[in-house]
There are 2 protein chains.
Amino acid sequence: MGVTKTENFTTHQNELAALAKALGHPARIAILQHLLKVNACIGGELVAEIPLAQPTISRHLQALKAVGLLQGTISGTSVNYCINSARWREVQQLFNGLFDTYVAEQDCGC
Amino acid sequence: MGVTKTENFTTHQNELAALAKALGHPARIAILQHLLKVNACIGGELVAEIPLAQPTISRHLQALKAVGLLQGTISGTSVNYCINSARWREVQQLFNGLFDTYVAEQDCGC
DNA sequence: AAATTATATCGTAATATTGCAATAAACAAA
DNA sequence: TTTGTTTATTGCAATATTACGATATAATTT
């Protein structure tokens, strides 16, 4: 079907999955890495940086914005994108909340 | 097209994206959470836990196994699944490697 | 051997995602 | 007003994902 049965899962599970999904494309990782590297708000110099067509990059930016990782503010004809620092940390803690649940490495024979 | 242009990105970017993608479905989050909760290897009691059909859960398990987060060992007619602890920690550090790149919260006016 | 149990795979249908060309929209500059 | 610049949206086409029923596989049990 291609449709995820979100109603079968908790809000937390759905949110974590949605965030992971947003990170689930190398172009979106590259976008974030570039924003982290220059550590600033940049207008679409990403189109020059990333070897994909401008509409494609625009879509990836929307996907990251949709989960709150990015924010964009209009500045003349261009848009300044940057990382939403509060959300960024929140998301990191959401992921670590999952990862840290692993306690010991009890030998289970696997 | 629906096909990701992996050749345009680094191995690291592709790996991180593939891992995130594997976490990008609530059923797979639920599977991991359950494995973490019982902290043991379980045969497919997941089929009873998660409200999806058995073939669907099997596919999700394969997806998690494909990125190394799970390992399964055959035990009679059933399969014991558990988290690969080494890989688990490795993946956590990969994600934190991205998240920790965010240094300051310099005011960029966005 | 036949039946049972547990899991994987196949086939199929529906929806989602990715990508690009073309175009639109919004603003700036001449 | 016209021209250029930048970003978003639309309209495809191709591929991927999700889901389930049916079936296959593999080991255990009777």
Side-chain angles (χ1 to χ4, degrees), chain A residues 1-9 13-14 17-31 34-35 41-67 70-82 110, chain B residues 1-9 13-14 17-32 34-35 40-67 70-82 110:
Chain A
M1 304 179 175
V3 64
T4 295
K5 292 196 158 180
T6 54
E7 72 276 12
N8 286 338
F9 303 99
Q13 286 165 342
N14 282 313
L19 284 163
K21 200 171 183 178
L23 297 178
H25 192 289
R28 294 194 288 268
I29 297 289
I31 286 172
H34 190 71
L35 282 166
C41 296
I42 56 178
E45 76 181 45
L46 293 160
V47 175
E49 278 295 322
I50 295 172
L52 289 173
Q54 177 267 325
T56 306
I57 292 174
S58 180
R59 269 167 167 266
H60 285 306
L61 286 167
Q62 300 317 306
L64 289 169
K65 228 168 73 174
V67 294
L70 293 192
Q71 56 195 145
T73 54
I74 299 173
S75 163
T77 54
S78 67
V79 178
N80 279 339
Y81 283 101
C82 60
C110 292
Chain B
M1 299 176 176
V3 63
T4 295
K5 291 196 157 180
T6 54
E7 72 274 15
N8 285 338
F9 304 99
Q13 287 164 342
N14 282 313
L19 284 163
K21 200 170 184 178
L23 297 177
H25 192 289
R28 294 194 287 269
I29 296 290
I31 286 171
L32 292 172
H34 190 72
L35 283 167
C41 296
I42 57 179
E45 76 181 45
L46 293 161
V47 175
E49 280 293 323
I50 295 173
L52 289 173
Q54 177 267 325
T56 306
I57 293 174
S58 181
R59 268 170 167 266
H60 285 306
L61 286 166
Q62 300 318 305
L64 289 169
K65 229 169 70 174
V67 294
L70 294 191
Q71 56 194 142
T73 54
I74 298 172
S75 163
T77 54
S78 66
V79 177
N80 279 338
Y81 283 102
C82 59
C110 292

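Chain letters run A, B, ... following the sequence lines, proteins first and then strands; every chain starts at 1. This one's a predicted model, so the numbers in the text were calculated from it and none came from an experiment.
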Asks: Verify the contact: side-chain N or O of H60(B) to OP1 or OP2 of dA19(D), cut-off strictly under 4.0 Å; return yes or no.
Replies: yes
Asks: Quick check: closest heavy atoms across G72(B) and Y81(B), and the distance to 0.1 Å?
Replies: CA-CD2, 3.9 Å
Asks: For L70(A) and dA8(D), give me the distance from atom CG to atom C1', rounded to whole Å.
Replies: 16 Å
Asks: Taking any heavy-atom pair under 4.0 Å as a contact, classify T56(B): base, sugar-phosphate, or nothing.
Replies: base
Asks: Describe the nucleic acid contact of S58(B) in one word from base, sugar-phosphate, nothing, applying a heavy-atom distance below 4.0 Å.
Replies: base
Asks: What is the nucleic acid contact for K21(A), judged by heavy atoms within less than 4.0 Å: base, sugar-phosphate only, or nothing?
Replies: sugar-phosphate
Asks: Taking the nucleotide of DNA chain C with the nearest heavy atom to each, does V47(B) or T6(B) sit closer to the 5' end?
Replies: V47(B)
Asks: Nearest whole angstrom, please: distance from the C1' of dG19(C) to the CD1 of I31(A).
Replies: 14 Å
Asks: On DNA chain D, nearest-nucleotide positions of T77(B) versus P51(B): which is more 5'?
Replies: P51(B)
Asks: Quick check: do E45(A) and H34(A) have side-chain heavy atoms less than 4.5 Å from each other?
Replies: yes
Asks: Could you state the atom-to-atom distance from CD1 of I42(B) to C1' of dA6(C) in whole Å?
Replies: 14 Å
Asks: Roughly, in whole Å, what's the span from CG in L46(A) to P in dT6(D)?
Replies: 13 Å
Asks: When the distance from CG of L64(A) to P of dT7(D) is rounded to whole Å, what number comes out?
Replies: 16 Å
Asks: Which heavy atom of I31(A) sits nearest a heavy atom of H60(A), and at what distance?
Replies: CD1-CB, 3.8 Å
Asks: Please pick, from dA19(D), dA21(C), dA26(C), the nucleotide with the shortest atom-to-atom distance to any side-chain atom of P55(A).
Replies: dA21(C)
Asks: Using side-chain heavy atoms (C-beta onward) and a distance below 4.5 Å, is I42(B) in contact with L35(B)?
Replies: yes
Asks: Rounded to the nearest Å, what distance is computed from the CD atom of residue Q62(A) to the P atom of nucleotide dT7(D)?
Replies: 12 Å
Asks: Nearest whole angstrom, please: distance from the C1' of dT7(C) to the NZ of K65(B).
Replies: 10 Å
Asks: In whole angstroms, how far is the C1' atom of dT5(C) from the CD1 atom of I74(B)?
Replies: 15 Å
Asks: Could you tell me whether the side chain of Q54(A) has a donor or acceptor atom within less than 3.5 Å of a complementary atom in the base of dA8(D)?
Replies: yes
Asks: Side chains of N80(B) and I74(B): closer than 4.5 Å at any heavy-atom pair?
Replies: no
Asks: Is Y81(B) close enough to dA6(C) that one of its side-chain N or O atoms is under 4.0 Å from OP1 or OP2 there?
Replies: no
